[in-house]
Amino acid sequence: MKQIKIAAMLFVVAGLMLLNACSSSDDSTTLGNWTKTTPYKGVKRSGAFSFTIGTAVYVGLGFDGDDYWSDAYSFDINNGYWQAIKPFPGKPRERAVAFAVDGKGYVGLGYNRDEDKQELGDFWVYDPTTNEWDSLGLFGGSARYNAIAFAIGSKGYVGTGYDGDNTNSDFWEYDPSSNTWKEVVSYPGEKIESGLAFVINGKAYIGTGRDNGSYNLDFWEFVPGADGGSPTWTKRSPDTDQSDYDEFKLAMYHHDAVAVVDGTTAYIVGGVSSSGAADKAVYSFDATTFNWDTKTSFEGSARSLAVGFVLNNRIFVGTGQNGTSRYDDVWEFKPLEEYDETN
């Protein structure tokens, strides 16, 4: 009888362990799924620009490994297809910057090794209502490429990058209403090129990048000055003893990655890691808690110099390069959808 009771108890314990294992498996469901969508209409390329206006994204310029391109295309999420817009009238280039303010897109700077002056300093504006580009003259700082740019409110901001001689930390504010540039407080971290910026709730966050091949762990928050005042910078790098420091470090040790924002969360995708290889890793940053985490890796080919954009709260990443390979595929990221390796 005693042996029967022991056997029964062991059976119950085994059942509870199995139930707990199943529950743990359910709790550890991987969230974040990538699905392939409509490919970019132009040739495969890297180093393209992108900006969004309303429900449409505009993507153009870039380098295919042999040629620099001037073509550009728009994709409206309500239509679901790419269509050509008027070609960029300036010199073809890659690694330009872009931002959108008040329904117009602004594109400038960049690189073209076929030019006598390889680093470019001109700026242009595109009006989607007329499908026309207009010249805005020269950028306020030195001609450069691998800079970062973003818009907050009615102003655009451009800074960092490489000008052929130096890696830079200067920052400039652009006022479209007067077509003027004003130098503002410089980026206080290490000088960088090939970094990234994203905007959440009227604040910009700047990080990643490199200087002379060296990576750094700077991550800063930028807030524009009120009523024409000076902007403020606040360091947002976590302390080394914080639980998410390793994820933060891995995210920052990249250059030529791309950032996309959904609500108060930013996702950093791909880029070239400190190993020197193109990466598929995805990291998230929560601007309400300042926490970092890893997410489901990008399911296309590992790549750098891609474009990322968000339309109607839907996240997309596409184009880019890995070594000599260029891409025209575009993928949608669904951060709250269960991972499905068949998609």
Side-chain angles (χ1 to χ4, degrees), residues 30 32-34 36 44-48 62-65 94-95 111 113 145-148 160-162 166-169 187 189-198 205-220 236-260 265-285 291-308 315 317-331 333 335 339 341:
T30 302
N33 196 40
W34 292 89
K36 204 170 185 179
K44 299 176 181 179
R45 69 189 67 193
S46 59
F63 184 60
D64 68 5
E94 63 171 329
R95 303 170 188 257
Y111 178 81
R113 67 185 177 195
Y145 62 98
N146 287 344
I148 58 175
T160 71
Y162 184 68
N166 300 295
T167 306
N168 294 281
S169 61
Y187 176 65
E190 295 291 332
K191 296 176 181 179
I192 55 170
E193 61 164 323
S194 300
L196 56 75
F198 53 86
Y205 297 87
I206 292 91
T208 73
R210 60 179 177 172
D211 180 20
N212 290 323
S214 297
Y215 295 79
N216 67 76
L217 294 174
D218 287 329
F219 184 64
W220 290 81
R236 294 300 185 187
S237 304
D239 294 331
T240 57
D241 60 353
Q242 288 185 217
S243 60
D244 62 345
Y245 183 77
D246 287 343
E247 288 79 5
F248 163 76
K249 183 176 179 179
L250 289 170
M252 290 298 104
Y253 273 9
H254 285 79
H255 67 84
D256 292 321
V258 64
V260 286
T265 302
Y267 300 93
I268 295 177
V269 183
V272 178
S273 72
S274 56
S275 70
D279 204 353
K280 302 174 73 166
V282 178
Y283 302 92
S284 67
F285 168 73
N291 287 335
W292 291 85
D293 201 357
T294 55
K295 297 298 179 182
T296 305
S297 294
F298 181 67
E299 293 182 52
S301 299
R303 67 192 63 190
S304 63
L305 291 168
V307 297
I315 301 168
V317 173
T319 68
Q321 76 174 77
N322 186 341
T324 59
S325 298
R326 263 74 181 182
Y327 304 105
D328 61 1
D329 54 338
V330 178
W331 294 73
F333 180 52
Y339 170 65
E341 64 180 4

ask   = Between the side chains of Ser194 and Asp256, does any donor sit under 3.5 Å from an acceptor?
value = yes
task = Kindly give the heavy-atom pair with the smallest separation between Ala197 and Ile206, and that separation in Å.
result = CB-CG1, 3.9 Å
ask   = Do you know which two heavy atoms are closest between Ala48 and Val307, and how far apart they sit?
value = O-CG1, 3.7 Å
request  = Using atom types as modelled and distance alone, determine if a side-chain donor or acceptor of Ser237 lies under 3.5 Å from a backbone N or O of Phe219.
outcome  = yes
ask   = Do you know the tightest heavy-atom contact between Ala281 and Ser297?
value = CA-OG, 4.1 Å
request  = Could you tell me whether the side chain of Ile315 reaches within less than 4.5 Å of the side chain of Pro335, counting heavy atoms only?
outcome  = yes
query = Can you tell if the side chain of Leu217 reaches within under 4.5 Å of the side chain of Tyr245, non-hydrogen atoms only?
reply = yes
inquiry  = If I take atom CE from residue Met252 and atom OH from residue Tyr215, how far apart are they, to the nearest 0.5 angstrom?
reply    = 12.5 Å
inquiry  = With a 3.5 Å distance limit and no angle check, can you tell me whether Glu190 reaches the backbone of Asn216 through a side-chain donor-acceptor pair?
reply    = no
ask   = To the nearest 0.5 Å, how far apart are NE2 in His254 and OG in Ser274?
value = 7.5 Å
message = Name the residue from Asn166, Asn212, Asn146 that meets the side-chain hydrogen bond (donor to acceptor under 3.5 Å, both in side chains) definition with Glu193.
response = Asn146
remark   = Residues passing the side chain to side chain donor-acceptor pair (under 3.5 Å) test with Ser243, sequence neighbours excluded, are none
key: Contacts of Ser304 that satisfy side chain to side chain donor-acceptor pair (under 3.5 Å) - sequence neighbours left out   = none
task = Could you grab the distance from atom OG1 of Thr208 to atom CD1 of Ile268, nearest 0.5 Å is fine?
result = 6.0 Å
query = Any side-chain heavy atom of Glu299 sitting closer than 4.5 Å to one from Tyr339?
reply = yes
Tyr267 and Val317, any side-chain heavy atoms less than 4.5 Å apart = no
message = To check you understand the geometry: which heavy-atom pair defines the closest contact between Gly32 and Thr296, and what is its length?
response = O-OG1, 2.8 Å
key: NZ on Lys295 to CD on Glu247, rounded to 0.5 Å   = 10.5 Å
query = Cut-off 3.5 Å, side chains only: do Ser301 and Asn322 have a donor facing an acceptor?
reply = no
inquiry  = Once you measure the plane-to-plane angle for Tyr162 and Tyr145, does it fall in the parallel (<30°), tilted (30-60°) or perpendicular (>60°) bin?
reply    = perpendicular
Shortest non-hydrogen separation from Gln321 to Ser46 and the atoms involved = OE1-OG, 2.8 Å
key: Distance, nearest 0.5 Å, that separates NZ of Lys280 from CH2 of Trp34   = 11.0 Å
message = Any non-hydrogen side-chain atom of Tyr187 less than 4.5 Å from a side-chain atom of Asn168?
response = no
query = Judged by modelled atom types alone, do Thr319 and Arg45 share a side-chain donor-acceptor pair under 3.5 Å?
reply = no
remark   = Heavy-atom closest pair (Lys191 atom, Ser169 atom, distance to 0.1 Å) is CG-CB, 3.9 Å
ask   = Could you go step by step and tell me if Phe63 and Arg326 meet the side-chain contact (heavy atoms from CB on, under 4.5 Å) rule?
value = CA-CA 9 Å; Phe63 184 60; Arg326 263 74 181 182; 3.4 Å; yes
ask   = With side chains defined as the heavy atoms from C-beta onward, is the minimum distance between Leu305 and Tyr327 less than 4.5 Å?
value = no
query = Partners of Asp329 by side chain to side chain donor-acceptor pair (under 3.5 Å), sequence neighbours excluded?
reply = Arg303, Trp331
query = How long is the span from the CZ atom in Phe298 to the CZ atom in Phe333, to the nearest 0.5 Å?
reply = 11.0 Å
